[in-house]
Structures are given as C-alpha cells and as structure tokens.
Amino acid sequence: MKLLISLLGNFRYKEVSYSYTLTKPSPENGSPYKDKSQISSHIIAKAENVDRWILLVPFTIYHEHIKDFNISGNSYDYYIKELKEALHFNENISKQISYFIKNFENEEKGTIYIIPGFGTFKSNYKDSKNESVKGVIASYSWEKKNEKYKITMMRDYIYIKLYNELRSINVKEGEEVEIFLDITHGINYYSIIAYDALLNAIYSRVFNKVILRVYNSDPVNTEPMDGEVFNLNNIITTIIQPKDCYNLLVKNFNLNSKENQDTQKMEIEYKKIHDDIFKLGSAAEAGQFILIHYLNKFNYLNEIFKPIDSVLQKFDCDLKVKLYADENKNLREFKYSYDNEYFRNLYMLHSFLNLLKSINLKEEKICGEVANNCLAEDTGIRITSLRDVAQKYGGKLIRNLIRNEIDQLEKTEKEYNKGWSGFIRLRDILDKCNQVKSSSYLPNERNMIAHGGLERNITCIFKYDDDILIRYSSSETCSEIDREGALEILKIFSKKGD
C-alpha cells in the first residue's frame, strides 16, 4: 500500500523538470525518473504508482479564488466546499492538478482537504474603477477567545483527516504501508505541523510496519534556466513499527514538565476531561498491559475517547468563519470562531487513547465443574498473550522485564503446584515458598512497575491446559476485579513528574 500526501500553497508554480530516485530502482523502471510538472508530487505519484493521494491545501487562498462570496458567518464546512469547487473550475489550478483530478480524485483514490491556516497575504484587488491594485492585504486570524488555540486547532484538523485516512486502509497480514510526504510546496509552519500530525496519526493506527519518506525539492529559481533539473530529495526516512508507536507516543504524552508553561495549561485542561488522564500515561509508560486490558474491557478508555473523537470529527461544522470585505467588495479579513469548549493538543490525547484501545489480551473461558475459587464458567487472561503484547509494543526494558517475570512465574507454578483446582493468589504461592509475607489485597505502585504488572497482592493464577491464566482480584476468593476495581488500581500510579 502506497499513500502520497502533498502540501500545496498558492498554486503559482512554474513547470520545471524534476528528477526523482525511486525507492526500489531497477534497470526496468528507469531510475532516476525524470519528468516535467508544475507540482512536484506528480512525479512521485507517477514514478511510485501510488495507490492513494491526499492534497492538503490551506484555506488562506480563498480570497484569491472566490469572487462571488456570501458574507453571513457560515460554517467552515460551507466555505471549504466553495473553495474546492473553485479549485476545479479555475483553469490555472485545474491544469496544475489535472493528473490528480483525472487519475485519483475521479477514480475515488484521492481527495483534497482544506486546512484552516492563518496569516496575512498580499493580493491583487480591484478598486472602485475596476482597476487592479497591487499589495492589498488579506488577513486570516482567530477571534480573541480562540487565539491561544490557533496552532493546535490547525494541527488537530490535519491530524483527524489523516487519522481517518489511515483508519480506512486495509492491509494484509504482514503487508508494509509506504507513506510519501511531499513538503516541497508547503509554506511557513505548515510543513512541520503536518509532519507532526501525520506521525501521531501513524502512531494511533498501529500498522505492522510503516515506511515514512519525506521529500523536498531543490529550490526552484524565479526564472529557471533552460534544461535545469531539480532533484526531489528524500530528506527523512523512518521505519515505524508497533513498539515505536507505543513508546514514542506514550513518552511524548508524558512530557508534562512543570517548568513548561504550555504543558501546565494542557494538564489543567485535561483534568476537565478526566482526573486520571496523566496517571494513565504513567501506567502506560510502565508497561501495565494487564491494567490497560481491563480498562478496555470495562469500556473506560472508549468513554474518554468518544467525546474527544466527536469534537475532532465535527470540527468542519462547529468552526465558523466570518468574512469582511471593503467598499469595492474585495475580501480583506477572515475571522475563525469556535464557540464550544476546546482543549490544547487534542490530537495527542486522541492518538494516545486510540493506541491504548488497540491493546487487548486474549482471554480464555473456563468451562467445567464448580471448583475451589473457580466458577463453572469463568475467564482468565492467557499469560502467553501478555508475552506477545509486551513483545509487540514494549521497549527493550519492558519486554525483558515482563518476559523474565513470566519465566519466573511459570517456574514457580511448576515447583509449587500441588493440585490446585482453581485460581490462587500469587502472594499465597510466594508465602509457601517463604519468599514474602503479606495479607493485603491492594497493589503497590512500586511492585506493579517492578514486576511488569504481575503484582503479588492482586494477581491470581490458574493452570489451564498448557498455559497459565491470570487475572486481577481484590477479593479473598480470587474473583475477577470489576470496573471500579480497575480504576482503583489506576489511581495508585503517580502523575509523571510528581
């Protein structure tokens, strides 16, 4: 699967010759690939035979391409539909993206997203005598109440569009996903924001393997010389696997140092969503996959995720744009306004929660006679699935820690299993081994972290077939914890930085 994402700007591009080195060159495919185009991404699309192509276009070109406008404070969704139509009917623009329109958009293999950018831009306007006036300024900005969110809202917008795109991709088992990001025509902050949003969308989706390649061409002169060829340079290549998604995203989420004023504000805002958000981050960084499984099982993570997802998915409709024109009906100012409550860096919280929602351990249903501490129909988590999840998502330290804990647990079970007929608490086994003496049914944060979630006071085990089943329990009978029990365990974790 090959996906191309292109950042475009004002569509004042000259046709020049580009040279592109294919990712898998061979004598048959004629690498480097050379061709003329006004837009560099055409070259990548043709050379790599990409499956899908996404264009990211800033809303800040609206004033140049819409002449018959409606000043009524309509939703952003209304205005971007107008702009998309203009891109197709504008002869100059449609010529520049003709290959995209014909081979991707018309084939439903591509789409255009209009991004809510900001800034001031010079343009040619008409005066009262219908004569051209150069250098008039058009301004795109946010209402004062939303000003502090202008960067994060733009990034959130790009993120949710790319998240939806990646979520719709179906790949076969073991298939690679190649993503090409062309920032050649991106301007100002646009490129770095798009790159950051794309990374978080990739982290959230968790493919088996993603190869992300970022391209930028040599600078194109105002007047290119005849025969001059501009290289499309591969400036970044990154291979992203599930363990990279988990570790990089969780670490970034937990970067909430008290010295950082912006993250302090973010923390205050996130507490309105849920008090335990940052404790969840600490638990995730400590590789508490069993606890994460229970939080998924009892729908806790999804309950936090759904309203955040709803805010981002409805952004087009909830965002308002007010247009202001001068006496000659030239658009001069655009004001974005968002009236609902918003939070800093929602894209990261959305990505973080969606990633955790993908972590589910394999449970086994036990059916049989009623036995001591074991009902006729009962469930437990296969310890082999914990090993597999740790191998897939965990960093080296977490992987080794959980693998060693499982090895020790299996060894202990073989040595001290005296015909157990049901679940038995790990602490009770260790008591028999004279390793520990305790009567508590509450977990300890240090022990939870030190033993990869296999904390002796709450972990109960059961020998089943050739595997060991585990569960958390805070009762004497080793009955499985409920939702409230899982949340009580979460509360023992300190917020990162405390």
Side-chain angles (χ1 to χ4, degrees), residues 1-16 18-23 33 35-61 65 80 83-84 87-88 90 92-117 154-155 157-159 161-166 168-169 177-199 201-202 210-220 230-237:
M1 170 65 193
K2 293 183 178 182
L3 171 66
L4 172 59
I5 302 169
S6 306
L7 276 59
L8 298 180
N10 55 22
F11 291 98
R12 296 174 185 156
Y13 311 122
K14 294 180 173 63
E15 183 177 77
V16 298
Y18 286 106
S19 176
Y20 172 80
T21 301
L22 279 78
T23 56
Y33 181 90
D35 201 356
K36 288 186 176 182
S37 177
Q38 289 176 286
I39 294 177
S40 58
S41 293
H42 281 150
I43 309 303
I44 300 175
K46 292 178 182 178
E48 294 291 349
N49 192 26
V50 300
D51 300 293
R52 186 161 177 78
W53 188 1
I54 307 301
L55 301 186
L56 301 181
V57 177
F59 184 67
T60 50
I61 65 171
H65 302 291
I80 63 176
L83 183 53
K84 282 185 180 181
L87 296 182
H88 289 81
N90 182 291
N92 179 46
I93 293 178
S94 61
K95 178 183 176 182
Q96 294 185 53
I97 59 174
S98 59
Y99 185 77
F100 166 83
I101 293 173
K102 180 180 179 180
N103 296 283
F104 288 86
E105 193 173 45
N106 288 348
E107 297 293 327
E108 297 185 344
K109 298 193 300 181
T111 192
I112 298 173
Y113 293 118
I114 309 296
I115 311 304
M154 182 180 182
R155 182 165 46 201
Y157 190 90
I158 298 174
Y159 162 80
K161 298 304 181 186
L162 296 181
Y163 163 82
N164 289 337
E165 285 287 339
L166 297 183
S168 68
I169 293 176
V177 175
E178 293 184 75
I179 300 177
F180 302 82
L181 176 63
D182 184 8
I183 64 172
T184 296
H185 304 298
I187 54 174
N188 301 332
Y189 45 80
Y190 191 18
S191 298
I192 191 63
I193 287 177
Y195 178 68
D196 185 34
L198 174 59
L199 280 178
I202 293 171
V210 172
I211 304 175
L212 172 61
R213 297 182 174 94
V214 183
Y215 288 86
N216 200 349
S217 79
D218 294 338
V220 177
F230 299 90
N231 294 312
L232 265 172
N233 305 297
N234 178 202
I235 56 175
I236 297 175
T237 297

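From a predicted model like this one, the values you see are computed outputs, not experimental measurements.
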What's the spacing between [X] [atom1] and [Y] [atom2] if we round to 0.5 Å?
X	Y	atom1	atom2	value
Ile114	Leu55	CD1	CG	9.0 Å
His42	Ile97	NE2	CD1	7.5 Å
Lys46	Leu4	NZ	CG	13.0 Å
Ile112	Glu105	CD1	CD	4.5 Å

Apply the test side chain to side chain contact (heavy atoms under 4.5 Å, CB included) to residues Leu212 and Ile236: give CA-CA distance (whole Å), side-chain angles for both, the deciding distance (0.1 Å), then the verdict. CA-CA 8 Å; Leu212 172 61; Ile236 297 175; 5.9 Å; no
Parallel, tilted or perpendicular: which describes the rings of Tyr99 and Trp53, with under 30° parallel and over 60° perpendicular? tilted
Could you label the plane-to-plane angle of the Tyr13 and His185 rings as parallel, tilted or perpendicular, counting under 30° as parallel and over 60° as perpendicular?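 Tyr13 vs His185 ring planes: tilted.
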What I'd like to find out is whether the side chain of [X] reaches to under 4.5 Å of the side chain of [Y], using heavy atoms alone.
X	Y	answer
Leu3	Asp51	no
Ile44	Arg213	no
Thr111	Glu165	yes
Thr23	Phe180	yes
Leu166	Ile202	yes
Met154	Ile115	yes
Ser217	Tyr18	yes
Met1	Arg52	yes

So which heavy atom on [X] is nearest to which on [Y], and how close?
X	Y	value
His88	Ile101	CD2-CD1, 3.8 Å
Ile183	Ser191	CB-OG, 3.7 Å
Tyr190	Ile158	CE1-CD1, 4.4 Å
Ser40	Leu232	O-CD1, 3.6 Å
Ile93	His65	CD1-CE1, 3.3 Å
Ser41	Ser6	OG-OG, 2.6 Å

Does the side chain of Glu48 come under 3.5 Å of the side chain of Tyr20 through a donor N or O and an acceptor N or O?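 On atom types as modelled, these side chains qualify, holding a pair under 3.5 Å.
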Mind running side chain to side chain contact (heavy atoms under 4.5 Å, CB included) on Ile61 and Leu8 for me, showing each step along the way? CA-CA 10 Å; Ile61 65 171; Leu8 298 180; over 6 Å; no
[X] (side chain) donor-acceptor with [Y] (main chain) under 3.5 angstrom:
X	Y	result
Lys36	Glu15	no
Asp182	Ile5	no
Asn90	Asn92	yes

Thr184, Thr21, Asp218 screened by side-chain hydrogen bond (donor to acceptor under 3.5 Å, both in side chains) with Asn233, the one that passes: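 The side-chain hydrogen bond (donor to acceptor under 3.5 Å, both in side chains) with Asn233 is passed solely by Asp218 among Thr184, Thr21, Asp218.
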Taking atom NZ as the centre, does Lys95 end up with more than 12 heavy-atom neighbours from other residues, nucleotides or ligands that are less than 6.0 angstrom away?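 Count not over threshold, so no.
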